[in-house]
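Down below is the structure, laid out as structure tokens.
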Amino acid sequence: GAVVSQHPSWVICKSGTSVKIECRSLDFQATTMFWYRQFPKQSLMLMATSNEGSKATYEQGVEKDKFLINHASLTLSTLTVTSAHPEDSSFYICSARDGTSGSYNEQFFGPGTRLTVL
Amino acid sequence: AQSVTQLDSQVPVFEEAPVELRCNYSSSVSVYLFWYVQYPNQGLQLLLKYLSGSTLVKGINGFEAEFNKSQTSFHLRKPSVHISDTAEYFCAVSELGQGFSFIFGKGTRLLVKP
């Protein structure tokens, strides 16, 4: 089956530093990748949608200058949290979709990255 | 869009008992419907999905769900639960023509007791 990986699985950083999270589709071409954020005991909130080779589309209320998303290849998208602060601590989950077939394709979720900002 | 409502934040049930986790949605367009399970500190695993066709959908681990268009519901059921089913369950909706992004419900924690 389709596999999506995330790296790192967890990261602890100091306030003010930047952190990069990678999302990779291992056995399919991810034409679209989605980034979600999940606070403890809450649901997933979509942050942004990125299509390969295009600028990401951010959801209302998500700071695009703070959460930089790059989707430069069909197998890799990165989320960089710039100048991280404690309130950015969260569980970040990516998902990927293969849209090349033209029909509906489900999203495949990565295992998530736990970010803790001290 | 549109919203997804999971009315029960937590459902306690004894092992081997049946369970139903409720999901209602609101949307002005056609939708695809999903149920995902999440174990602690892990990502989401797809249990089942409804895209079209038969309204009764069978998934993994003995779960099934029924799409009811008139009631805009997609309730998840299992006839006999196990301790290992203890997890967080999310209902999700993807609206046709809206870029395939998901709207998630707030989740229901299924707690299976011995």
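Proteins come first, then strands; the chains are lettered A, B, ... in the order of their sequence lines, and each starts at number 1.
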Under 6.0 Å from the NZ atom of A:Lys20, do we count more than 12 heavy atoms belonging to anything else shown?
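At most 12 heavy atoms, drawn from other residues, nucleotides or ligands, come within 6.0 Å of this atom.
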
So for atom NE2, which belongs to A:His7, do other residues, nucleotides or ligands contribute more than 12 heavy atoms lying within a distance under 6.0 Å?
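It does not: A:His7 NE2 has 12 such atoms or fewer within range.
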
Following the transitive rule for hydrophobic clusters with a side-chain heavy-atom cut-off under 4.5 Å over Ile, Leu, Val, Met, Phe, Trp and Tyr, establish whether [X] and [Y] coincide in one cluster.
{"X": "B:Leu46", "Y": "A:Phe109", "result": "yes"}
{"X": "A:Leu79", "Y": "A:Phe34", "result": "no"}
{"X": "A:Leu68", "Y": "A:Leu115", "result": "no"}
{"X": "B:Phe63", "Y": "B:Ile83", "result": "yes"}
{"X": "B:Val11", "Y": "B:Leu48", "result": "yes"}

For A:Gln38, is it the side chain, the backbone, both or neither that has a heavy atom under 4.5 Å from a heavy atom of chain B?
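Just the side chain, heavy atoms under 4.5 Å.
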
Can you tell me how far OG of B:Ser94 sits from CZ of A:Arg97, rounded to the nearest 0.5 angstrom?
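One gets 8.5 Å once the value is rounded to the nearest 0.5 Å.
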
Proximal to chain A - members of residues 105-114 of chain B, heavy-atom separation under 4.5 Å
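Within residues 105-114 of chain B, the residues under 4.5 Å from chain A are B:Gly105, B:Lys106.
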
Can you tell if the side chain of A:Leu44 reaches within under 4.5 Å of the side chain of B:Leu44, non-hydrogen atoms only?
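Counting from C-beta outward, A:Leu44 and B:Leu44 do come under 4.5 Å.
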
Which heavy atom of A:Phe91 sits nearest a heavy atom of B:Gln38, and at what distance?
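Shortest heavy-atom separation between A:Phe91 and B:Gln38 comes out as CE2-NE2, 3.7 Å.
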
Which pair of heavy atoms, one from A:Ser43 and one from B:Phe104, lies closest together, and at what distance?
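Residues A:Ser43 and B:Phe104, closest heavy atoms: OG-CB, 3.2 Å.
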
Go through A:Tyr36 and B:Phe102 one step at a time and tell me if the ring-ring contact (aromatic ring centres under 6.0 Å, His included) criterion holds.
CA-CA 10 Å; A:Tyr36 296 86; B:Phe102 282 11; 7.2 Å; no

